[in-house]
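Heads up, the thing below is written out as structure tokens.
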Amino acid sequence: MFNKELYNYFFHLETPFYYYDMNLFHDSLNKLKSAADSYNYHIHYAIKANANTRILETIKGYGFGFDCVSGNEVKKAIETGINPDKIVFSGVGKSDAEINYAIDHSIFGFNCESLEEIEVINDWGFKKQKVVPISLRLNPNIDAVTHKYLTTGLPENKFGIPVHFLDEVITQTKTLSNIKLIGLHFHIGSQIREMNSYIELCERVNSIQDNLFKKHGIILEHVNLGGGLGINYENPESELIPDYAGFFETVYNHLKLKKNQKVHFELGRSVVGQMGSLISRVLYIKKGLNKEFMILDAGMTDLIRPALYGAQHKIQNISKPGVKIKNYKYDVVGPVCESSDSFDDNVMFPITKRGDLIAIRSSGAYGEAMVSQYTLRDKPKAIYSDELINKAG
Ligand SMILES: *Cc1c(COP(=O)(O)O)cnc(C)c1O
């Protein structure tokens, strides 16, 4: 991914910055589109993974919808020019202002996470003389095989309505005349690499749907399975484009649909993860008592995933593209005054010096989107591969 030519471009740029490989991005979006189209699945990109204007515009160009988890994300989606009928709005704590904004813009639907929220939406619908489309986000009690901070489908997680309360919620919603129940929604977690978690989800959805029909005679038009499809952080090169086709095939084989039902997904990480890298310079190589620290000019304020979840990214010295032998071991750390400001321990590199350029791979998702300015640090810039080539040409 990082050849000599690219290195020469990078060398003159101020670091740290996010580098987005737009060719890879388009390849990935094309694969996603053709895989989704072949099953007639509807994709809503989860904006929170990366809300860069250029990235959103690129995704919009493929005809996908957007999944939002805050009022400002709904606003950003609308400003990007997405058709509001492709916007879904999730989140356990939607404020009245956010609900108002979304109702006023007639989005496709709210994914509702509690009965109280549904009642509030119904009240606003009544005041505005509108019938607001909603789906129920259910917590299916499925343990997505992933980091504990990335599960969302277990009883101890704050997300979704426990399936146990479904009957009660359905009965209650029948009395509310300014909402229209249009679907069921699920999102069991993130960075899910085990297809078994999705198979389990499909089976749970099947039985929930059967019960809903038996007890209430209800078939809802939309089934939304959320996002969560994981990417290969250990060895990104081997899987630069996630296996969307395999993922959809798994769902297709296990999800039993009723007549005329439409299936939706809200993919974030898998859409933008691999095309982004955080590029940083080595400030110092510091000798510790029994280890060496590689101190970068990028830190947890630029990419917080390692500090937040102990996430591991592949880290490469791109100043030495030809050097294959990695016989030096470093702890790779940032400059911020927190011991958790560390990217990884005991990573093997070729011998590395002050001024070398380092790429932290697979940083397109939950990287730039989670930047903070703690210690008043500057925000990293975004550099797009097609702009670099244009400048050089
Ligand atoms: C974050 C989120 C997603 C996207 O998750 P990924 O793991 O990035 O695919 C989808 N739906 C909801 C409701 C979310 O909160």
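Quantities reported herein were computed from a predicted structural model and do not represent experimental measurements. As the structure lists them, so they are numbered: ligands from 1, and atoms in each ligand from 1.
- Each of the following atoms of ligand 1 lies closer than 4.0 Å to a heavy atom of Arg269: 6 (P), 8 (O), 9 (O).
- Taking every heavy atom of Gly227 and a limit of under 4.0 angstrom, the matching atoms of ligand 1 come to 9 (O), 10 (C).
- Judged purely by distance below 3.5 Å, without hydrogens or angles, the side chains of Tyr309 and Gln191 never pair a donor atom with an acceptor atom.
- Under 4.0 Å from ligand 1, not a single heavy atom of Ile192 appears.
- Residue Leu229 places no N or O, backbone or side chain, under 3.5 Å from any N or O of ligand 1.
- Two residues are said to be in side-chain contact when any heavy atoms from C-beta on lie closer than 4.5 Å; Ile219 and Gln261 meet this criterion.
- Distances below 4.0 Å separate heavy atoms of Ala46 from the following atoms of ligand 1: 3 (C), 4 (C).
- Among the atoms of Gly268, some N or O lies under 3.5 angstrom from an N or O of ligand 1.
- The Ser90 neighbourhood of ligand 1 comprises atoms 13 (C), with distances under 4.0 Å to a heavy atom of that residue.
- For Ser190, heavy-atom contacts with ligand 1 shorter than 4.0 Å involve the backbone as well as the side chain.
- The proximity of Glu266 to ligand 1, defined as any non-hydrogen pair under 4.0 Å, involves the side chain as well as the backbone.
- Checked by distance only, ligand 1 and Lys48 come closer than 3.5 Å through their nitrogen or oxygen atoms.
- The aromatic rings of His42 and His264 sit parallel, their planes meeting at an angle under 30°, below the 60° perpendicular limit.
- Residue Lys130 qualifies as enclosed at atom NZ: its count of foreign heavy atoms under 6.0 Å is above 12.
- Remark: distances from the non-hydrogen atoms of Gly228 to ligand 1 include one below 4.0 Å.
- When only interatomic distances are considered, the shortest N/O to N/O separation between Asp67 and ligand 1 falls below 3.5 Å.
- With ligand atoms numbered from 1 in the order given, ligand 1 contributes 1 (C), 4 (C), 5 (O), 6 (P), 8 (O) to contacts under 4.0 Å with heavy atoms of Tyr366.
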